[in-house]
Amino acid sequence: MAASGTGREAFGSRAGFILAAAGSAVGLGNMWRFPYQASEGGGAAFVLLYVVLTLILGIPLMLAEFGIGRRAQLAPVGALRKLAGRAWVPVGYMFVLAGLLILSYYSVIAGWTVRYGIEAAFLGFAPSSADHFGVVASGGDAVAFHVAFMALTILIVVGGVKGGIERASLLLMPMLFVIVAGLALWAATLDGAGAGYVRYLKPELDELMNPAVWRAAASQAFFSLSLGMGGMLTYASYLKRNQNLPESATVVAFTDFGVAFVAGLLVFPVIYSFALQGAVSASTVGALFIALPSAFQAMGEAGRVVGTFFFAVLAVGALTSAISLLEVVTASVMDEFGMSRRRAAIGTGALVTLIGIAPALDTDALGLMDKIAGELLLIAGGLALALLAAWKLRAEVREELLAGASPFWQRQVDRILAVLRWVVPPIVAIVLFFSVIETLSAVRGFFAG
Ligand code: TRP
């Protein structure tokens, strides 16, 4: 256990923390959800809106989590009790619940990607992608790969902050950046690349007036930046006061955006060079697990090599994200019940594995869980965090954001807090309102069959 005076574990280096936070952010959300949402939401218009929301919602909210976490030196439940009082403890438990639910279906999707990667490497892509996806995504096969992926996640979390999480991030994240960039360069050489870029980044500026596109962009920002459930808070609780928090948040947010943007430059040319747009508009999952594999299959040997790298990189991104989701739950149990890391990680990981059997057997259940936990709970959590950091705990958070910051970033702290106080809560409240309505109708739809 790394000493930080209190005996609490700590990150070993500044870069280690930044890569771990970026590892949490960069995941399935970047490679799968972002390109798809951009093409649905007006292309370049969506990308522009997304950058603006990252600046005015994402970075301030990430700093709310960083500030509260480093101040408290505790995982969410304990942090809120210590800094804000017992009335806020239920919010901490809401975060833990969100972590349990998100990880349980996230791991199912991650299991599919692992399976595609292994099959690409050893067997090649199946001739009929749609049929094959039906086999991969349901029943015992899906459960088995979900269990295997959870076992790997648990193993790393058992290794601790420095020996598990930081070490895995320092190794895996640079690898991910290089492979994603290499794949995007390769995609630029394809015949259909131009048409793919046009479809991805078409400037449909009237979509900027569409509230549905705003809601989609805001919830994408929450999910992609791992905000609203105390994930960033928990990582920051392992920091000492020498970390430049505003700068770190900016680096993490732009790394996350960069990977998402480049993923689109990869996915769309591949799909358009094989005229597979039909499979894309059918569903988000369709783009990733049906359209891309059939393109890779059509490319023969080259497609097999590229496809292997593609699914490997997806699995790597998913792993560093899954680690952060499990860490929130594990660290909360450790702090609350004084349990050892090993027992807490195995216990909470086993619970997630069990819950995940439902979405592994039923993709409709998976979609519903994503609506409830991956959107609604995160947005509600984000609102709570903004109110807490910019109103109730403003003085403490301000002090925390100043400590360790360079003079340039110190000058930005009051601006960031003003945005967190006056701009973030109203926007997030409006998004929350629409998200509640949408989720209710999704729940009704699910139970109506
Ligand atoms: N951000 C990750 C992705 O884009 C997923 C993720 C990890 C996450 N930790 C989170 C989402 C916490 C919400 C909250 O794939």
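None of the values given here were measured: they were computed from a predicted structure. Counting convention: from 1, in listed order, for ligands and their atoms alike.
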Exercise. For ring-ring contact (aromatic ring centres under 6.0 Å, His included), just list the numbers for Y50 and F34, CA-CA rounded to whole Å, side-chain angles, deciding distance to a tenth of an Å, and then say yes or no.
Key: CA-CA 10 Å; Y50 187 81; F34 182 86; 5.1 Å; yes
Self-check item: Check: A25 N/O within less than 3.5 Å of ligand 1 N/O
Solution: yes
Self-check item: Parallel, tilted or perpendicular: rings of F125 and Y116 (30°, 60°)
Solution: tilted
Exercise. Would you sort out whether F17 and Y235 count as a ring-ring contact (aromatic ring centres under 6.0 Å, His included), showing the intermediate values?
Key: CA-CA 8 Å; F17 168 73; Y235 274 6; 7.2 Å; no
Exercise. Would you confirm whether the ring centroid of W112 sits within less than 6.0 angstrom of the ring centroid of F289?
Key: yes
Practice problem: State the atoms of ligand 1, each with its element, that fall below the 4.0 Å cut-off from a heavy-atom position in S24. | Solution: 1 (N), 2 (C), 6 (C), 7 (C), 9 (N)
Quiz prompt | Face-on cation placement of R81 at W88 ring, 6.0 Å and 45° thresholds | solution = no
Quiz item: Nearest to atom 13 (C) of ligand 1, what protein heavy atom do you find, and at what distance?
Solution: L378 CD1, 3.7 Å
Self-check item: V26 N/O under 3.5 Å from ligand 1 N/O
Solution: no
Exercise. Considering the heavy atoms of N30, write down every atom of ligand 1 situated less than 4.0 Å from one of them.
Key: 4 (O)
Quiz item: For ligand 1, which atoms have a heavy atom of M229 less than 4.0 angstrom away?
Solution: 12 (C), 14 (C)
Practice problem: Just go through A373, G317, S226 and tell me whose heavy atom is the nearest to atom 9 (N) of ligand 1. | Solution: S226
Quiz item: Short N/O distance, under 3.5 Å, between L28 and ligand 1?
Solution: yes
Quiz item: Mind checking whether R71 and K82 have side chains closer than 4.5 Å, heavy atoms only?
Solution: no
Quiz item: Should the ring pair W391 and W422 be called parallel, tilted or perpendicular, given that the plane angle runs from 0 to 90° and is split at 30 and 60?
Solution: perpendicular
Quiz item: Does the side chain of Y238 come under 3.5 Å of the side chain of E327 through a donor N or O and an acceptor N or O?
Solution: yes
Quiz item: Can you list the ligand 1 atoms lying under 4.0 Å from a non-hydrogen atom of S324?
Solution: 7 (C), 9 (N)
Quiz item: What's the shortest distance from atom 1 (N) of ligand 1 to any protein heavy atom, and which residue and atom give it?
Solution: F223 O, 2.8 Å
Quiz item: In ligand 1, which numbered atoms sit nearer than 4.0 Å to a non-hydrogen atom of Y106?
Solution: 2 (C), 3 (C), 5 (C), 15 (O)
Exercise. Number the atoms of ligand 1 from 1 as they appear, then name those within less than 4.0 Å of a heavy atom of S224, with their elements.
Key: 1 (N), 4 (O)
Quiz item: Mind checking whether G29 has an N or O less than 3.5 Å away from an N or O of ligand 1?
Solution: yes
Quiz item: Taking the six-membered ring of Y272, is NZ or CZ of R199 closer than 6.0 Å to its centre and within 45° of its axis?
Solution: no
Exercise. Would you please determine whether G231 falls within less than 4.0 Å of ligand 1 on a heavy-atom basis?
Key: no
